[in-house]
Amino acid sequence: MKNYLRAHPALSLCGLCCALCPIHQMQNGCPGCGGGAGHQSCSIIQCSLEHGRPEFCSQCAEFPCQRLTEAVQYDSFLPHSNLLANLQQVRESSPEGLLEELSMREDLLLWLLQNCNDGRQKTLFCTAANLLPLDVLESAVQQIRQQIEQEPDPKKKASLARAALQAAASGCGISLKLHKKKP
């Protein structure tokens with residue numbers, strides 16, 4: 001949708017965390033859901049336009065609809081498993097708390113991308129920033145900071161970061177693998 005704008009493009013209409021998406025983190029990447037020119041086309045945006053333009057799907061009378069419940073089964077560029085929980089949090093309180101947490105997650109993600117990405121870790125870092133509980137993510141990043149402090153080799157930094165995030169995820173029973181729909 002051309003010129004589709006929302007107040008909170010970092011958190012999508014459907015509850016995805018656009019700010020933690022690898023495409024969003026690319027230079028000149030997607031500006032997020034409702035971020036104006038350059039965002040991805042989306043059938044959920046069209047649905048929103050047909051249902052009075054709610055800021056979030058959880059503000060629609062038909063929430064949770066079949067489209068959303070089917071969306072959580074498979075991932076795209078980022079995990080979909082937490083989108084309904086995000087929308088429920090918005091519905092029960094307000095988006096501000098979730099947006100504040102999202103901002104903290106994005107800061108941690110940006111640090112990982114700037115300091116530990118060897119060019120092949122972006123998806124893993126984005127997935128970890130999406131799925132790990134915030135306190136676990138913060139602890140893992142603190143551990144990574146200490147481990148790479150004296151490490152000059154970018155590949156070694158990436159390896160240490162990957163191992164720390166995988167260990168943190170394993171400790172929580174979380175898989176950092178995206179679950180793509182089979183063609």
Side-chain angles (χ1 to χ4, degrees), residues 1-110 112-113 117 120-134 137 169 174-183:
M1 306 289 130
K2 261 190 173 177
N3 301 317
Y4 176 73
L5 300 173
R6 293 177 53 254
H8 306 292
L11 182 62
S12 77
L13 176 67
C14 67
L16 292 175
C17 297
C18 291
L20 305 178
C21 176
I23 295 174
H24 178 77
Q25 293 300 331
M26 292 171 32
Q27 185 177 19
N28 300 318
C30 177
C33 179
H39 71 82
Q40 306 296 308
S41 66
C42 175
S43 62
I44 293 179
I45 292 173
Q46 183 62 43
C47 182
S48 163
L49 296 174
E50 294 167 4
H51 286 87
R53 295 184 66 110
E55 181 69 13
F56 297 99
C57 288
S58 57
Q59 297 166 332
C60 178
E62 295 180 27
F63 175 79
C65 66
Q66 182 178 355
R67 183 182 307 247
L68 290 176
T69 56
E70 288 176 358
V72 299
Q73 296 177 31
Y74 302 102
D75 301 323
S76 59
F77 303 107
L78 66 164
H80 288 199
S81 59
N82 53 0
L83 68 89
L84 288 174
N86 291 343
L87 289 171
Q88 194 62 40
Q89 184 176 342
V90 167
R91 184 176 212 168
E92 291 173 2
S93 55
S94 69
E96 282 70 29
L98 187 56
L99 289 166
E100 184 177 326
E101 179 181 327
L102 181 56
S103 177
M104 290 187 281
R105 289 176 178 279
E106 185 178 22
D107 289 345
L108 294 167
L109 172 59
L110 290 173
L112 287 166
L113 292 171
N117 190 15
R120 299 171 28 168
Q121 305 306 318
K122 186 183 288 188
T123 298
L124 174 73
F125 294 167
C126 291
T127 303
N130 266 283
L131 296 179
L132 292 177
L134 182 58
L137 179 63
I174 295 171
S175 169
L176 296 181
K177 184 176 182 192
L178 293 175
H179 304 291
K180 301 282 189 157
K181 189 173 187 175
K182 302 219 186 310

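Computed from heavy atoms alone, side chains included, the values below leave out hydrogens, waters and symmetry copies. Treat the numbers as computed from the prediction; the structure is a model and nothing was measured.
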Notebook entry, point to check: Taking the side chain from Arg105 and the backbone from Leu132, do they hold a donor-acceptor pair closer than 3.5 Å?
Noted result: yes
Notebook entry, point to check: Can you tell me how far CG of Leu131 sits from CG of Asp75, rounded to the nearest 0.5 angstrom?
Noted result: 7.5 Å
Next item on the list: Please round to the nearest 0.5 Å and tell me the distance separating atom SG of Cys21 and atom CD of Glu106.
Entry: 11.0 Å
Margin query: So does Leu99 get a backbone contact from the side chain of Ser103, meaning a donor-acceptor N/O pair under 3.5 Å?
Written below: no
Item checked: Leu98 vs Phe56, side chain to side chain contact (heavy atoms under 4.5 Å, CB included): CA-CA, chis, key distance, verdict -> CA-CA 13 Å; Leu98 187 56; Phe56 297 99; over 6 Å; no
Notebook entry, point to check: With sequence neighbours left out, which residue pairs that include part of residues 121-133 fulfil the side-chain hydrogen bond (donor to acceptor under 3.5 Å, both in side chains) condition?
Noted result: Asp118-Gln121, Gln121-Arg162
Checklist line | Spatial distance of atom CD (Gln73) from atom OG (Ser81) [nearest 0.5 Å] | finding: 12.0 Å
Item checked: Shortest non-hydrogen separation from His51 to Pro54 and the atoms involved -> O-CD, 3.6 Å
Next item on the list: Kindly compute the distance separating SG (Cys57) from CG (Leu13), expressed to the nearest 0.5 Å.
Entry: 4.0 Å
Notebook entry, point to check: Has the side chain of Gln25 got a donor or acceptor atom that lies under 3.5 Å from a matching backbone atom of Ala19?
Noted result: yes
Check: Hey, are the side chains of Ser43 and Arg67 touching, using non-hydrogen atoms and a 4.5 Å cut-off?
Finding: yes
Checklist line | Within-4.5 Å side-chain heavy-atom neighbours: His179 and His80 | finding: no
Notebook entry, point to check: What closest approach, in Å, do Phe125 and Leu112 show between heavy atoms, and which atom pair accounts for it?
Noted result: CE1-O, 3.6 Å
Checklist line | Cys18 versus Ser12, closest heavy-atom pair with distance | finding: SG-CB, 3.6 Å
Check: Is the number of heavy atoms from other residues, nucleotides or ligands under 6.0 Å of Glu100 CD greater than 12?
Finding: no
Next item on the list: Step by step, work out the side chain to side chain contact (heavy atoms under 4.5 Å, CB included) result for Val90 and Leu11.
Entry: CA-CA 10 Å; Val90 167; Leu11 182 62; 4.1 Å; yes
Checklist line | Heavy-atom pair of closest approach, residues Tyr4 and Ser48 | finding: OH-OG, 3.8 Å
Item checked: Over all atoms of both residues, closest heavy-atom pair of Leu5 and Gly35 -> CD2-C, 4.0 Å
Item checked: Atom pair CG/SG of Leu124 and Cys126 - distance to nearest 0.5 Å -> 9.0 Å
Margin query: Can you list everything that forms a side-chain hydrogen bond (donor to acceptor under 3.5 Å, both in side chains) with Arg91? Sequence neighbours excluded, please.
Written below: none
Note to self: Would you compute the distance between atom CG of Asn82 and atom CG of Leu16 and round it to the nearest 0.5 angstrom?
What the structure shows: 7.5 Å
Next item on the list: Compare all side-chain heavy atoms of Phe63 with those of Leu84 and state whether any distance is below 4.5 angstrom.
Entry: yes
Check: What heavy-atom pair brings Glu55 and Gln59 nearest, and what distance separates the two atoms?
Finding: N-OE1, 3.0 Å
